[in-house]
Amino acid sequence: MHEHDVIVVGAGGAGLRAAIAAHEEGADVAMVTKLHPVRSHTGAAEGGINAALRDGDDWELHAYDTMKGSDYLGDAPAIETLAQDAPDEVIQLEHWGMPFSREDDGRVSQRPFGGLSFPRTTYAGAETGHHLLHTMYEQVVKRGIQVYDEYYVSQLAVTDHDDPTERECHGVVAYDIKGGEIVGFQARNGVVLATGGDGQVFDHTTNAVANTGDGAAMAYRAGVPVEDMEFVQFHPTTLPSTGVLISEGVRGEGGILYNSEGERFMFEYGYANNAGELASRDVVARAELTEVNNGRGINDEYVYLDMRHLGEERIYDRLENIIHLAEDFEGVDPAEEPMPVKPGQHYHMGGIETNEHGQTCIDGLYAAGECACASVHGSNRLGGNALPELIVFGARAGRHAAGKDLGEAEVPTGPSAKSEDEDSLDTPVEPGAVGTSDEDVAADGAMVDAENVVQAAVDAEQRRIDDLLEREGTNHAEIREDLQKAMTENVNVFRNKESLKDALETIRECRERYQHVAVSDPSRTFNTDLIHTIETRNLIDVAETITLGALARNEFRGAHWRQEHQERKDDEWLKHTMIAWNDGTPDLYYKPVILEGEEKEYEPKVRSY
Amino acid sequence: MSTQVTEQETETEPETETDHQERRMAEKRERADMRERAEEELDDTEETVKIKVFRYDPEVEGKKDPRFDTFRVPFTKGMTVLDALIYARDHFDSSLTFRHSCRQAICGSDALFINGSQRLGCKTQMSELEWPVRIEPLPHSDVVKDLVVDMEHFYDQMEAVEPYFQTNDLPAADEEQRQSRENREKVKMSTRCIWCSACMSSCNIAAGDNEYLGPAAINKAYRFAMDKREGEDMKEHRLNIIEQEHGVWRCQTQFSCTEVCPKDIPLTEHIQELKREAVKSNLKFW
Ligand SMILES: Cc1cc2nc3c(=O)[nH]c(=O)nc-3n(C[C@H](O)[C@H](O)[C@H](O)COP(=O)(O)OP(=O)(O)OC[C@H]3O[C@@H](n4cnc5c(N)ncnc54)[C@H](O)[C@@H]3O)c2cc1C
Ligand code: SF4
Ligand code: FES
């Protein structure tokens, strides 16, 4: 068993920032990650990172844009924290040597992005995430922070008090991918989950294959509620064959969207008469699909994004990466012809419920980055706002986990009074019960010490994995494929009650089938079959919460569009969807949105661009 | 536009950034044509492609002796080598093991030896290759299982060059350091490395001398040595590191690293430039 003060699970932008922050507080920190840090998906981010750095801009404007972008489903204290901390954090990155693009006077460059009232998206070519990831990993190397890379964390070591808010997290259990052992990690102070997104729930996504929602699913099963899971962002410009992302930077620099008639449809059909191509992502994604559905798509599937008019010099200066992506993955040279694009799953606004210090309702368990929901993006994330989220909330979670007092949190966490149960939703099938809660939370309440809690979790995990390896049964890949297809067909940009119910039925069938899953590779060394099998379980849990949340929310807000409910219903729905795992049954309840900030109260307005 | 400042002593023809782009675009067009031809010849629905994949698992009877397995996978337009591997794994043999994640040439985890050269599986179109396609782990590294190699040595070499930004005079915490556009351009290509290890695997010198820092690590040193924000003293320090016995002077400018680098980093050129810088800085001390 390994023992450290702070254990950070995941080494993307959020995990690296958390580790550095905890280390700066003097903690003995270790990172445990299934991929080597530089392989994390943060490296794929292209467009940039928002921070109010210039005269004429300030954090209040950034906060306002973010609140409006969220369609008034963000919590003001979290949003204000994001906007306030971002400038220092970005300058910090600069001081760590991040190779930002530069202005003539040597300062870092900023560009316009969708939904922003000021060009505050700071960038490094079209590879901002790559540079952010590498710069922070360099700092981790510099500080000698211990990294356990290629360790797959499959379980949290949490006490089994009945009430989740009384549980404590003492560490994690991991499979050492190369060595083949199941290993315990005990955290003296805290565990920070920074496991990233869950795009693999869908079959057309910009996300990496490793983005399987592990952290969210583990925290959920350990008793932390997940928040606003129905809000999935579909990016309007992904390459049709692979889902590879064409950055919003292309539209930021002046790229134009055309339909098959050669019409600039964002204006032509009034989807966004002011902002056009630069309207918020949900607006553009819906516009594209409407074009396709109305027969104005190309091959009934996609539309065109054109950047030829920008000129080769500008393209090479700011968007060179796009040329390579379009060429390598779609066989199209965007300097000569427009690129085919369609919406694809891109980002998950929802996630593990945390406050603005990254704390969850379980003592000693923190979350940051895309797996978490401090509630800054609400129902729709603005481009360029995820990267500042990683560093702002990563740093805060790391600091707090290391014992620093960050003051009273204003965003409350923890299961509250349950206001609605699943029965009222008219769901078609009974929830399945894969894994019971006593396998998911370890040890016996407060009776045992921390080490025993971790050891008990290790033992339980050992038994589960031995069983998976030894028995005969179904291969996870079949289940995963059916799940992804059902989600893409039914829980996509456009949603309706029937399709959501269909999806839920398939998800629960997948859960049933998962009872009989088995790993056919008998080897302990680098067993990716085993890892994918465990991940598939996580995908099922995440998919269920997304679909349940979507079925319950009878309104149209941000990225969540419902055919039968074409308006935002502020009277009824200014609230967060919360789903808690209660002995194998998802419990649904709500908590109010906080619109009151430090100085002012944000007034919900109609969102037009 | 010309930023890859090359001086006359280089053994190679100096290549400017513009030339480089033109060459790349020409190559691209050629490849696109090839792809189109290949696709025209094929009937999407029926065509299958054979891949021959290296297999080895020290733990499993029957896989202890390395062998090649052949899989027939349905060919589809735009299919990459990684797509073919995933298909084979998910439909035929779930124990087939390889690293992959981003599928967009940015995570660096699927560098493989494909038809005899180092490439990223996700970035290599099947239609560009001669069939059957032969897929092996990166040469000159220990194989852990199937296509997975041990990366520790590569990481150690990267860490040996102090791969992190260091400077003694930072501005106040809320103030940016300035960097000229030119200086950013100067280091731009070097910052693109995704740690895939293709270059290291292709390098004969690295194969023969285990302590040689290798192209990726030297490129990492270049990235910092050329960054003016670090200051002159630090540059000296960096040059000292890469001048060690198993550093830049081992490079025999064979260009194999530059040829395979999926990020088009002009590695050999960077190594040559560091050699010149090292000579210049030694002269200064005499
Ligand atoms: C293509 C693309 C482009 C984007 N562009 C932008 C942009 O321009 N601007 C912006 O603001 N945002 C952008 N985003 C969003 C943003 O990049 C992501 O939200 C963000 O990088 C997620 O970072 P993270 O640290 O939370 O997770 P990741 O970087 O995904 O890291 C997750 C880490 O967790 C580890 N992990 C996961 N599961 C386990 C497990 N079970 N055990 C151990 N370790 C585990 C992984 O190894 C990895 O290290 C983009 C996203 C995509 C997909
Ligand atoms: S220099 Fe190129 S080939 Fe070498 S590790 Fe970096 S990206 Fe890979
Ligand atoms: S899968 Fe990431 S580089 Fe190929």
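Labels below follow one simple rule: chain letters A, B, ... track the order of the sequence lines, proteins then strands, and each chain is numbered from 1. Please read these numbers as outputs of a predicted model, since none were measured by experiment.
Between chain B and the options S40(A), P87(A), G43(A), G180(A), heavy-atom pairs under 4.5 Å are most frequent for G43(A). In terms of heavy-atom pairs under 4.5 Å with chain A, the best-connected choice from A105(B), P58(B), G108(B) is G108(B). Taking chain B as the reference chain and counting heavy-atom pairs below 4.5 Å, the highest number among K142(A), H131(A), E150(A) is found for K142(A). Note: H532(A) leads H476(A), R480(A), E478(A), H532(A) in heavy-atom pairs under 4.5 Å with chain B. The choice from V38(A), L245(A), N527(A) that makes the most heavy-atom pairs within less than 4.5 Å of chain B is V38(A). When each of V90(A), D104(A), T206(A) is scored by its heavy-atom pairs under 4.5 Å with chain B, the top score falls to D104(A). Each of V140(A), D88(A), N211(A), V108(A) has some count of heavy-atom pairs under 4.5 Å with chain B, and the biggest count is that of V108(A).
Between the side chains of D529(A) and S95(B), not a single donor N or O lies within less than 3.5 Å of an accepting N or O.
Judged by distance alone, the side chain of H95(A) and the main-chain N or O of E175(B) form a donor-acceptor pair under 3.5 Å. Using a distance-only test at 3.5 Å, with no hydrogens or angles considered, no donor-acceptor pair links the side chain of E159(B) to the main chain of V141(A). Of the possible donor and acceptor atoms, one in the side chain of H130(A) sits under 3.5 Å from a partner among the backbone N and O of T191(B). In this structure a side-chain-to-backbone donor-acceptor pair under 3.5 Å is present from R103(B) to T242(A). Under the 3.5 Å distance criterion, the side-chain polar atoms of K145(B) are matched with a main-chain donor or acceptor of T525(A). Proximity of a side-chain donor or acceptor of R107(A) to a complementary backbone N or O of R178(B) within less than 3.5 Å is not detected. Between the side chain of E176(B) and the backbone N or O of I91(A) there is no donor-acceptor pair closer than 3.5 Å.
Once rounded to the nearest 0.5 Å, the distance linking CH2 of W96(A) with OG1 of T167(B) reads 15.5 Å. Taking OG from S241(A) and CG from D83(B), the interatomic distance works out to 8.5 Å, rounded to the nearest 0.5 Å. We find the CZ-CG distance between F526(A) and D146(B) to be 10.5 Å, quoted to the nearest 0.5 Å. Between the OG1 atom in T97(B) and the CD1 atom in I177(A) there is a gap of 11.0 Å [rounded to 0.5 Å]. For the atom pair L530(A) CG and S94(B) OG, the distance stands at 11.0 Å (nearest 0.5 Å). Once rounded to the nearest 0.5 Å, the distance linking OG1 of T124(B) with CG of D328(A) reads 8.5 Å.
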| field | Intermediate values then yes/no, salt bridge (charged side-chain N to carboxylate O under 4.0 Å, His left out), R184(B) and E103(A) | value | CA-CA 10 Å; R184(B) 199 249 169 194; E103(A) 292 301 325; over 6 Å; no
| How far apart are the C-alpha atoms of H324(A) and K263(B), what are their side-chain angles, what is the distance that settles it, and do they pass the side-chain contact (heavy atoms from CB on, under 4.5 Å) test? | CA-CA 10 Å; H324(A) 305 325; K263(B) 291 308 204 182; over 6 Å; no
| Trace of the side-chain contact (heavy atoms from CB on, under 4.5 Å) decision for L35(A) with S101(B) | CA-CA 9 Å; L35(A) 306 171; S101(B) 186; 3.9 Å; yes
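Both the backbone and the side chain of I194(B) come within contact range of chain A, each with at least one heavy atom under 4.5 Å from a heavy atom of that chain. For chain B, the nearby parts of S523(A) are the backbone and the side chain; heavy atoms of each come within less than 4.5 Å. For a residue to count as touching a neighbouring chain, one of its non-hydrogen atoms must lie under 4.5 Å from one of that chain's; by this rule R524(A) touches chain B with backbone and side chain alike. Only the side chain of M151(B) comes within contact range of chain A, with heavy atoms under 4.5 Å apart. For a residue to count as touching a neighbouring chain, one of its non-hydrogen atoms must lie under 4.5 Å from one of that chain's; by this rule D149(A) touches chain B with the side chain only. Both the backbone and the side chain of A208(A) have a heavy atom closer than 4.5 Å to some heavy atom of chain B. Proximity to chain A involves both the backbone and the side chain of Q104(B), based on heavy atoms less than 4.5 angstrom apart. Neither the backbone nor the side chain of Q200(A) comes within contact range of chain B, judged by heavy atoms closer than 4.5 Å. Proximity to chain B is limited to the side chain of N475(A), based on heavy atoms less than 4.5 angstrom apart. With a 4.5 angstrom heavy-atom cutoff, D174(B) touches chain A via backbone and side-chain atoms both.
You'll find the side chain of H41(A) reaches within 4.5 Å of the side chain of C102(B), heavy atoms only. Between M98(A) and F165(B) there is no side-chain heavy-atom pair separated by less than 4.5 Å. Q179(B) places none of its side-chain heavy atoms less than 4.5 Å from the side chain of F100(A).
Ionic pairing of E152(B) and K178(A) is present here: one or more N-O contacts between side-chain nitrogen and carboxylate oxygen are shorter than 4.0 angstrom. We find that E185(B) and R102(A) are not joined by a salt bridge, their nearest charged nitrogen and carboxylate oxygen being 4.0 Å or further apart. Remark: R192(B) engages E127(A) in a salt bridge, criterion side-chain N to carboxylate O under 4.0 Å.
More than 12 non-hydrogen atoms from other residues, nucleotides or ligands lie less than 6.0 angstrom from NZ of K63(B). In N168(B), the CG atom is not crowded: 12 or fewer heavy atoms of neighbouring residues, nucleotides or ligands sit closer than 6.0 Å. Surrounding CD of E301(A) are more than 12 heavy atoms belonging to other residues, nucleotides or ligands, all under 6.0 Å away. The number of heavy atoms from other shown groups lying within 6.0 Å of CG (D233(B)) does not exceed 12. Atom CD of E59(B) sits in a crowded spot, with more than 12 heavy atoms from other residues, nucleotides or ligands closer than 6.0 Å.
By the 30° and 60° cut-offs, the orientation of the rings of Y137(A) relative to W195(B) is perpendicular.
In plain terms, the two heavy atoms of P522(A) and V60(B) that are nearest each other are CG-CG2, 4.3 Å. For the residue pair G97(A) and R229(B), the shortest heavy atom distance occurs at O-NH2, 2.9 Å. Between E138(A) and F224(B), the shortest heavy-atom contact is OE1-CZ, 3.3 Å.
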